[in-house]
Protein chains: 4
Amino acid sequence: MPRTAAQNKEIRQTRTQQILEAARQVFAEQGFYGARMSDIAQAIGVSQGTMYHYFRSKDELFLAVLNVWNEQIKAIVQQLPNSDLSTVDKFWLVNQLAASFFETGEDLLPVLVEYWAYTLRNPEAAASFREFFILMQQSFKDILQAGIEAGEFKPVDIEIASALPLIILDGVTLLTAILGKDFMQPVEQTRLAQELVFEGLLTKMEEPV
Amino acid sequence: MPRTAAQNKEIRQTRTQQILEAARQVFAEQGFYGARMSDIAQAIGVSQGTMYHYFRSKDELFLAVLNVWNEQIKAIVQQLPNSDLSTVDKFWLVNQLAASFFETGEDLLPVLVEYWAYTLRNPEAAASFREFFILMQQSFKDILQAGIEAGEFKPVDIEIASALPLIILDGVTLLTAILGKDFMQPVEQTRLAQELVFEGLLTKMEEPV
Amino acid sequence: MPRTAAQNKEIRQTRTQQILEAARQVFAEQGFYGARMSDIAQAIGVSQGTMYHYFRSKDELFLAVLNVWNEQIKAIVQQLPNSDLSTVDKFWLVNQLAASFFETGEDLLPVLVEYWAYTLRNPEAAASFREFFILMQQSFKDILQAGIEAGEFKPVDIEIASALPLIILDGVTLLTAILGKDFMQPVEQTRLAQELVFEGLLTKMEEPV
Amino acid sequence: MPRTAAQNKEIRQTRTQQILEAARQVFAEQGFYGARMSDIAQAIGVSQGTMYHYFRSKDELFLAVLNVWNEQIKAIVQQLPNSDLSTVDKFWLVNQLAASFFETGEDLLPVLVEYWAYTLRNPEAAASFREFFILMQQSFKDILQAGIEAGEFKPVDIEIASALPLIILDGVTLLTAILGKDFMQPVEQTRLAQELVFEGLLTKMEEPV
DNA sequence: AATGAATGAGGGTTCATTCAT
DNA sequence: TATGAATGAACCCTCATTCAT
């Protein structure tokens, strides 16, 4: 007896999730080039052929893994400027998000580094990253703009300054992925960097909370 | 009559340089995995076999390319703490070095990103990077230590703060490599980030220069 | 609908046999180093890649070819001491086996010679050959032991004498592989050598049968 | 000042000897395919190029190594039939030669095995080996012929029987090369095999000396 | 939907040999 | 005579992807 359409749909969803999770793990451990489709297939006990019923290619799978992550981040950060939070609290929220990322998403760190290298050779990935960056930067621009207009911030070059949070986050991510927590204290370093930047932008000196 | 030892040495030096330069360029254009040994060989008009008289493997060549760069940076940064410069000027110097890197070593940017991904899978590369990081960080620790003792800097956690210049530099490098100069202004962003961090560390507020 | 496990098993068995046979032939014709994996693949009309679904490497395939042969021989010779045959007939049986080998397994002769050279550099092959030798020698030791205890054989040093059949067989195999049947009469030479040895071991002189 | 012709000649002879000895050793250790020309060159501290001033190719060098050995053996064995020794003593002499070979020329054993494998693919080597075999066999034929005519030996098929000493020697050589002296007693096994064969050929029984 | 046998292009690496000095 | 830099053909093996069942 053939499966119902609903059953098939559920199978597809479950499998897709399984593959994405296994892929994320294997890519983290082996890197994009080191990971074999058969490794990922084996990790969830399906055949290689099955992989291609869910993702057209290794590249597509890799991008899908990253996409899951990108979408999550984008959803959060895009809401920042529109939220009721004060400028101060917006920056704090970014720090908290970063901290939770460094604490709970640790296995994603190497995948991100692989992804960055990957974007250098894959125009589609590069475009996707660019879009991601622009969205993120726009959020910070909006915050800065509001802060400057309100007289809270010095009139710095928004174009320049709005990249700083991402620069810091990516810098910490990168070094933490490579060096590990024996050499990096990502939460503290992110917080200090963001604080110094934030305070430096303020027109009046405030004590960090 | 065979070539003299001096002649042979010169040939080897010249060839080694040629290969390193060609490799840097090809790795920058094609990436580590995209680059073929034959591409590099062809770029300088030698056979593939010749490559292996100078470097045992593609991996070794890649690491050698990076090593040239690492050594240059290390040499400069290690001298910073011992120089006669004031703390302020030391930080300025870092900025100038970064600026010159972003302006003249642009082709190395993607190679660095690949290298970072590479260190995740290659223990030797990881060790080498770790050593590089520690040396660099130590220089900044020394500067900070001196500044704090002189009362110029707030008594921040040196362990945390000493990583910030590298975090910023690597963050800017990463984003510039991926996004290009249409989306990044590496010189300005590095300068602003360093300034804000620097000023934030000062006990007395000064106007940015 | 995927193939059943039984179907897959049969495919694997058939292919494995095909490859082993083709390999034996190509190794015989071209030698271990002269044979290319692609030659063997072509001989049965499969791709090179398929070869590696069945054997991990050229070395493993070569050893597998020899193993098929070793196992056949071992199975026969190990039964010799326990059989109901008289000592005389056991020796005769060895001769008949040798004869059938020289007549039907002619193509394996050069492969054996290559294998012997191969064992010199490959510890695994050496161990396997050693095991094979010990098993074979043990059979002859048992026969000799029984013969000496029964008073049929002179009390020769069993350790020494038990190697003679193998020495003769391998000596004939070697020379026949190299010189061919224009210069060697392997069946007759094996028989004569074994007869002389056998008779020499007897306590009473008998006419050769 | 250029060297004199005499000096050059001496250099050539010395170097040739050095290379032959180094080659014998390296071929013994690594096998024909495992040995690199550079290994041999390095063993005596000359460049790779120098090798080709003395031997046209790796193959030629390998054959030259074997030729040295073949010539020595041939010289001895060819004299056997014409010597004043009795048939008994001729056989004994063969044994003594074999014994001294197994005791002093041990490092040549693997080279011989390599050589045998080599003859399978190299017509020139095969021809050389055939010639060697025929010469050796002829010596034994002569001895047998004389023995039969003198009534000392049974009228066996000379063609068949004359190969037995070589079969035994090569069989023992082969197994000793592969198994080593933990598993083989080449001197004793050769002696016993030759004795049994020899006695079996005698018309009258004699006690081995 | 799932399987796994099969494909085949692709590239790193080795090493005997050559040749300019 | 000697050197060693350079050559370049050769081949094993990998692995993403396809396809018959």
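Throughout, protein chains are lettered first and strands after them, A, B, ... in sequence-line order, and every chain is numbered starting at 1. Remember, it's a predicted structure, so these values are computed and weren't measured experimentally.
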To the nearest Å, how far apart are [X] [atom1] and [N] [atom2]?
X: A:Phe62; N: F:dA16; atom1: CZ; atom2: P; result: 13 Å
X: B:Lys9; N: F:dA5; atom1: NZ; atom2: C1'; result: 17 Å
X: C:Ile40; N: F:dC13; atom1: CD1; atom2: P; result: 11 Å
X: D:Met51; N: F:dG4; atom1: CE; atom2: P; result: 14 Å
X: C:Phe55; N: E:dA5; atom1: CZ; atom2: P; result: 14 Å
X: C:Arg15; N: E:dA6; atom1: CZ; atom2: C1'; result: 8 Å

I'd like to know if the side chain of [X] reaches the main chain of [Y], judged simply by a donor and an acceptor atom lying under 3.5 Å from each other, with no hydrogens or angles considered.
X: A:Gln25; Y: A:Ala22; value: no
X: A:Asn70; Y: A:Asn67; value: no
X: A:Asn8; Y: A:Ala5; value: no

**Prompt:** Parallel under 30°, tilted from 30 to 60°, perpendicular over 60°: which one fits the rings of A:Tyr115 and A:Phe62?
**Reply:** tilted

**Message:** Show me the pairs that pass salt bridge (Lys or Arg N to Asp or Glu O under 4.0 Å) and involve residues 5-32 of chain B, at least two apart or across chains.
**Reply:** B:Arg24-B:Asp107

**Request:** Could you tell me which non-hydrogen atom of D:Pro110 sits nearest to which non-hydrogen atom of D:Ala177, and how far apart they are?
**Result:** N-CB, 4.1 Å

**CD/C:Gln42: more than 12 non-hydrogen atoms of other groups inside 6.0 Å** = no

**Request:** Please say whether more than 12 non-hydrogen atoms of neighbouring residues, nucleotides or ligands are located less than 6.0 Å from CD in B:Gln7.
**Result:** yes

**Asked** Within less than 4.0 Å of OP1 or OP2 of F:dA5, is there a side-chain N or O belonging to B:Arg12?
**Response** yes

**Asked** Using a cut-off of less than 4.0 Å, is there contact between a side-chain N or O of A:Ser47 and OP1 or OP2 of E:dG4?
**Response** no

**Complete:** Dot-bracket assigned to DNA chain F with the 3.5 Å Watson-Crick/G-U criterion, [ ] for crossing and | for other-strand pairs, is .||||||||||||||||||||

**Asked** Regarding A:Lys58 and the six-membered ring of A:Phe32, is the cationic atom NZ or CZ under 6.0 Å from the ring centre and inside 45° of its axis?
**Response** yes

**Fill in**
Side-chain atoms of B:Tyr54 come closest, of F:dA6, F:dA2, E:dT3, to F:dA6

**Prompt:** Which parts of nucleotides 14-21 of chain E does protein reach within less than 4.0 Å, heavy atoms only, written one letter per nucleotide 5' to 3' as B for base, S for sugar-phosphate only and - for none?
**Reply:** BSSBB--B

